Amino acid sequence: MNSGMETTIAGVTLKNPVTTASGTFGSGREYGELIDLNRLGAITVKGVSEEAWKGNPVPRVAETQDGLLNSIGLQNAGAKHFIENDIPFLRQYDTKIIVNICGHTLAQYCSVAEKFADCDIDLLELNISCPNVEEGGLSFGTDPHIVERVVGAVRHYAKQPLIVKLSPEVSDITEIAKAAVSGGADAISLINTLRGMKIDIHKRKPVLANKIGGYSGPGIMPVALRMVYEVCHSVDVPVIGMGGISTYEDALEFIMAGAKAVAVGTANFHNPYATVEIIDGIWRYMKENKISSLEEIRGCID
Amino acid sequence: MNSGMETTIAGVTLKNPVTTASGTFGSGREYGELIDLNRLGAITVKGVSEEAWKGNPVPRVAETQDGLLNSIGLQNAGAKHFIENDIPFLRQYDTKIIVNICGHTLAQYCSVAEKFADCDIDLLELNISCPNVEEGGLSFGTDPHIVERVVGAVRHYAKQPLIVKLSPEVSDITEIAKAAVSGGADAISLINTLRGMKIDIHKRKPVLANKIGGYSGPGIMPVALRMVYEVCHSVDVPVIGMGGISTYEDALEFIMAGAKAVAVGTANFHNPYATVEIIDGIWRYMKENKISSLEEIRGCID
Amino acid sequence: MNTYCLATIVNHEEITSGIWKMELAASEIARTAEPGQFIQLYPPDKRNLLARPISLSAISEKSVTIVYRIAGKGTKQFSQLQKNDRIRIMGPLGNGFALPDQATKSIVVGGGLGIPPLLELSKRLGGNTEVLLGYQDIPFMAEDFHRLGINVHIASQSGNYGLHGTVCDLLEKFNPSAGQVFACGPRQMLKSVSAWAKEHSIPIQVSMEERMACGIGACLGCGVKIQKPGEPDWKYLRVCKDGPVFSGEEVVWDE
Amino acid sequence: MNTYCLATIVNHEEITSGIWKMELAASEIARTAEPGQFIQLYPPDKRNLLARPISLSAISEKSVTIVYRIAGKGTKQFSQLQKNDRIRIMGPLGNGFALPDQATKSIVVGGGLGIPPLLELSKRLGGNTEVLLGYQDIPFMAEDFHRLGINVHIASQSGNYGLHGTVCDLLEKFNPSAGQVFACGPRQMLKSVSAWAKEHSIPIQVSMEERMACGIGACLGCGVKIQKPGEPDWKYLRVCKDGPVFSGEEVVWDE
Ligand SMILES: Cc1cc2nc3c(=O)[nH]c(=O)nc-3n(C[C@H](O)[C@H](O)[C@H](O)COP(=O)(O)OP(=O)(O)OC[C@H]3O[C@@H](n4cnc5c(N)ncnc54)[C@H](O)[C@@H]3O)c2cc1C
Ligand SMILES: Cc1cc2nc3c(=O)[nH]c(=O)nc-3n(C[C@H](O)[C@H](O)[C@H](O)COP(=O)(O)OP(=O)(O)OC[C@H]3O[C@@H](n4cnc5c(N)ncnc54)[C@H](O)[C@@H]3O)c2cc1C
Ligand SMILES: Cc1cc2nc3c(=O)[nH]c(=O)nc-3n(C[C@H](O)[C@H](O)[C@H](O)COP(=O)(O)O)c2cc1C
Ligand SMILES: Cc1cc2nc3c(=O)[nH]c(=O)nc-3n(C[C@H](O)[C@H](O)[C@H](O)COP(=O)(O)O)c2cc1C
Ligand code: FES
Ligand code: FES
């Protein structure tokens, strides 16, 4: 237990500021064979929808220089399966549970939030980067009015504190963050992936079956950090930062930009110990720099 | 002279599809000491404004992992100085001249286009990522109505074919590209930089004096390629692709996505021969794959 | 139990043009590994973020051996490593082949780089086995199978070695009878072999490949369409965790 | 003429803790190089996109020598290179010091890593020169200046060597008279030395540092505020192309 690392998000206290980025860590089972899940501040699980989603055609992951493209398409077994299988598994550990939820319509979002209302989980994370089938397929997360509306509706059904996870594909992220807060968000997390593409010039076709996928990893970190900084300076709710974090130094940049917690995603794939190494690294940095609480450096960039 | 590499943009034929990205190559003088400028399809010069601009405080460049942040702030000596000094210099070479122009108000954009109207240059490139001082500082390039308006106004003063260079910081790049074309764009170039940030955790301050800067280099290529692909499929004018191109393979990805030409920016900094190596590489690839004209592979990704 | 470690290369040689055999000292992995399982190898150049999945070709007490082809950036880097260099690996991963309870006759069918993982399997299956191997041109590892005292049949698409044709042609020609088929190789080959097995009502296990990110079942990157008997529709299972070995009858071969 | 090439390291040693001296075989660069000019060194790890500017410390017929401190990722990589390794470099870059026409008395003032570039300068200036060197603690390269037969004065902030204080304290103490001052070191030091020179009406040349991208004048990354006599306002000049040596009177020392 490393004192001084605790962080509180909407009333929920994490023992340290490190969680996992949704979709990169399953529900923790597989990485639990390699690392001690009790070490994590929280586990954020893969997106869960009302009913099972099949996902996109393969190939659906591809490496880019210093990044990853994915078009998993939010494959998941649905809320019922998750509630029966994954919550009991996760509750064995001394870590907080953040359930990431997704939907293609407002009704689906509300329904999945409702299904979790009486479940033993700590926080809900609303992924608003999903394609909005009712409004022509553009993401829910790019129009402030729609953001406010969907957050407001889900807020109504949700019983846990609600984190709203923002899409970076907007001109002004602060406008979206403010809309989420006025819709009722208790916290904000960002960034989700940027859409990207890669072409295999020998086969003369895109590397992903879906052509376009979500771009994550170190290559997006400068954009993520800038947006986290901007959002921390424009809303009063806690912010969870993510996007390309691979080392404790990266994590500290987000904390100095103002983040209350950070999530580690793609880095798990090239270093399964990434999360615990980041926790240890932050702790070492605090010792070396005689920092007794992360509050001393959080948001030190004005 | 490598036949089959020619490409025509709005009536102007480049001997090969490789140009330089504005702001990374000055007006060619400095790189001309290292490479033969006659080899280039075109030289795109640093942004020129109506009057001289001082630029931002230093430090204004910083390295990120696989990318670069800059906050030069469009420092330049103004149109008059450019016309007197740089056009005569560039005209010594057998390459096309693309003049990149910028402004903070609609009037400034029009005025600089007018100043170049009777100059001996081949193409104008309108940088609409500049902060719009009249509308609160957000970039001109993020609102389709403003894009259409500024392009229409500049089109009125410009005598050369007009390339409109898009900002990637939008939710739907095709909407902006269409607005530029309906405003009168003869060609589209993209992408300009994404805004990013980096923090020095030891000094506990941002690495750029300006805090936030434009992010370029390999890290942005997946986003750039996706946007070039999307724009090539949504407008009928030629597209010049850029963003992270460092090798001939990168350049070919953009060409297969549909680009008529490509621009090399940040790569010049880590390899001053990048442009000519890319030209040679494309040529070698064409030979090896028995491609007699780039048309055979351009846009082969549907 | 899955282990992530820095393994020392104890042997490394190019066995035929562009194809390398690497033996890694990794006793923890070797202890529990089974034929058909694979390991993830992390490219030394950290710009390559994803590990590369390579099947185990031989398993000894303290080491595992892989055979790989230089296919791109990652395998290129592997080939440049020297004996005594170390490389990050994770494994053993996935579910290997299910060995038949009794000594039924087995047919083992391999195509190209699908051949290496079948060596350890064949060793365990023992004498009552027919091995059919298909190559582009020059055979590799065929002697390793011979040395097990097993019947080995060869085809090459160039016609320079063995039967002129694919390993499927070999299968059609021999039309062997057996209690079980094991196959590894390109998707089209697995599809044909599965069709042949179905036609002859022989159960078949196929080892599949798909692009991977995590390699351990967490990211859902490596989907393969599987329709279990009695299920109304297929769903994506994970090659890395639910496979790479699947029942050939359950794979939906539509692509 | 600027050259971009792969240069061989002919000597490489750590001269004091964390500070390295590297001699590079680069006859094209050596031929035209002048004291005060610099080269760009490209880090071997290509994830580090930008070259690192390092001043020339000594220039011989076929080689150039640099002295650098391990400051971060790039210089760390340089320090790991061995004799006979090769590294991409570009140079000579920028404008060096303007040497006085006649043999006027010169004062050369260096602080920390600003000292190495002053060695070649001092050699060319010859006997009628006073050299003032300031260190954090342990001096380095002082003997190299001694060996030129020049008066060398030392200060250290630790007080363990020479005068207890900065090189500016040394300057105040000696208050030497001269026709020309040359200075290289941290910005605050250059600012103080320029103020001193102004007070004594001695012309001063200072060598400035700034973050660079291209290193050749094309990107405008490396601005320094310069106000030329008679101009109404300052403007950003380029350290890499218009400098790194500027007239101390013309630098706007506001930051
Ligand atoms: C379960 C499994 C077992 C395998 N066993 C072997 C083996 O024993 N011997 C062997 O030579 N090859 C094997 N492969 C294929 C091997 O993984 C690829 O050849 C290798 O990943 C190519 O990497 P690269 O960096 O050289 O190529 P690149 O093209 O540079 O790779 C780019 C990305 O695509 C992935 N990729 C490329 N080809 C494949 C492929 N065929 N399957 C999965 N991912 C791929 C890479 O892992 C990497 O993430 C196996 C694949 C799987 C899934
Ligand atoms: C004209 C000039 C001459 C120089 N001469 C010398 C010399 O002779 N000896 C010496 O030890 N140092 C010298 N420096 C400073 C040297 O360039 C930096 O110490 C070096 O770039 C640090 O690189 P890094 O990768 O180790 O540090 P990092 O902090 O990892 O570098 C990150 C980025 O910041 C830049 N950077 C960091 N510090 C500086 C700095 N002080 N000045 C400019 N850019 C910097 C790097 O070039 C790189 O792009 C000189 C700088 C300039 C501008
Ligand atoms: C394979 C993969 C699957 C993902 N699935 C989800 C998801 O289900 N829900 C979600 O909100 N974000 C998802 N994301 C986005 C990540 O949670 C994270 O926002 C993004 O990857 C940036 O962080 P990183 O660079 O550390 O990976 C996924 C990312 C990856 C790479
Ligand atoms: C130092 C620097 C200066 C730039 N200046 C300009 C400019 O003046 N006008 C402009 O339209 N784009 C400018 N850009 C953007 C580039 O032209 C290009 O769009 C971007 O860098 C992406 O390409 P790259 O990744 O190849 O560098 C600049 C980029 C850099 C790195
Ligand atoms: S690769 Fe992640 S689930 Fe298979
Ligand atoms: S570093 Fe590019 S102009 Fe000086």
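In what follows, chains are A, B, ... by sequence order, proteins preceding strands, each numbered from 1. Keep in mind that this is a model prediction, so the values were computed, not measured.
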Option that, when pairs with chain B are counted at under 4.5 Å, heavy atom only, ranks first among A/P222, A/G244, A/G217, A/G196:
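That would be A/P222.
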Can you say whether [X] sits under 4.5 Å from chain B via the side chain, the backbone, both, or neither, judging by heavy atoms?
X      : value
A/D302 : both
A/T64  : side chain
A/L225 : both

Enter the distance from B/L194:CG to A/L194:CG here, rounded to the nearest 0.5 Å.
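So the CG of B/L194 and the CG of A/L194 are separated by 6.5 Å.
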Nearest 0.5 Å, please: how far is CZ in A/F254 from CD1 in B/I199?
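The CZ atom of A/F254 is 8.5 Å from CD1 of B/I199, to the nearest 0.5 Å.
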Of all of [options], which one pairs up most often with chain A through heavy atoms under 4.5 Å apart?
options                : value
B/Q65, B/M197, B/H202  : B/M197
B/I173, B/I212, B/N289 : B/I212
B/M221, B/K211, B/M227 : B/K211
B/R204, B/K205, B/K198 : B/R204
B/T142, B/D66, B/I255  : B/D66

Are the side chain of [X] and the backbone of [Y] linked by a donor-acceptor contact shorter than 3.5 Å?
X      : Y      : result
A/Y285 : B/I201 : yes
B/E169 : A/S171 : no
A/Y215 : B/I220 : no

Relative to chain A, which segment of B/A224 carries a heavy atom at a distance below 4.5 Å: side chain, backbone, both, or neither?
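No part of it gets close to chain A.
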With a 4.5 angstrom heavy-atom cut-off, is it the side chain or the backbone of B/I301 that approaches chain A, or both, or neither?
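Only the side chain of B/I301 comes within 4.5 Å of chain A.
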Note: B/E230-A/R195 ion pair, threshold 4.0 Å (strictly below)
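Yes.
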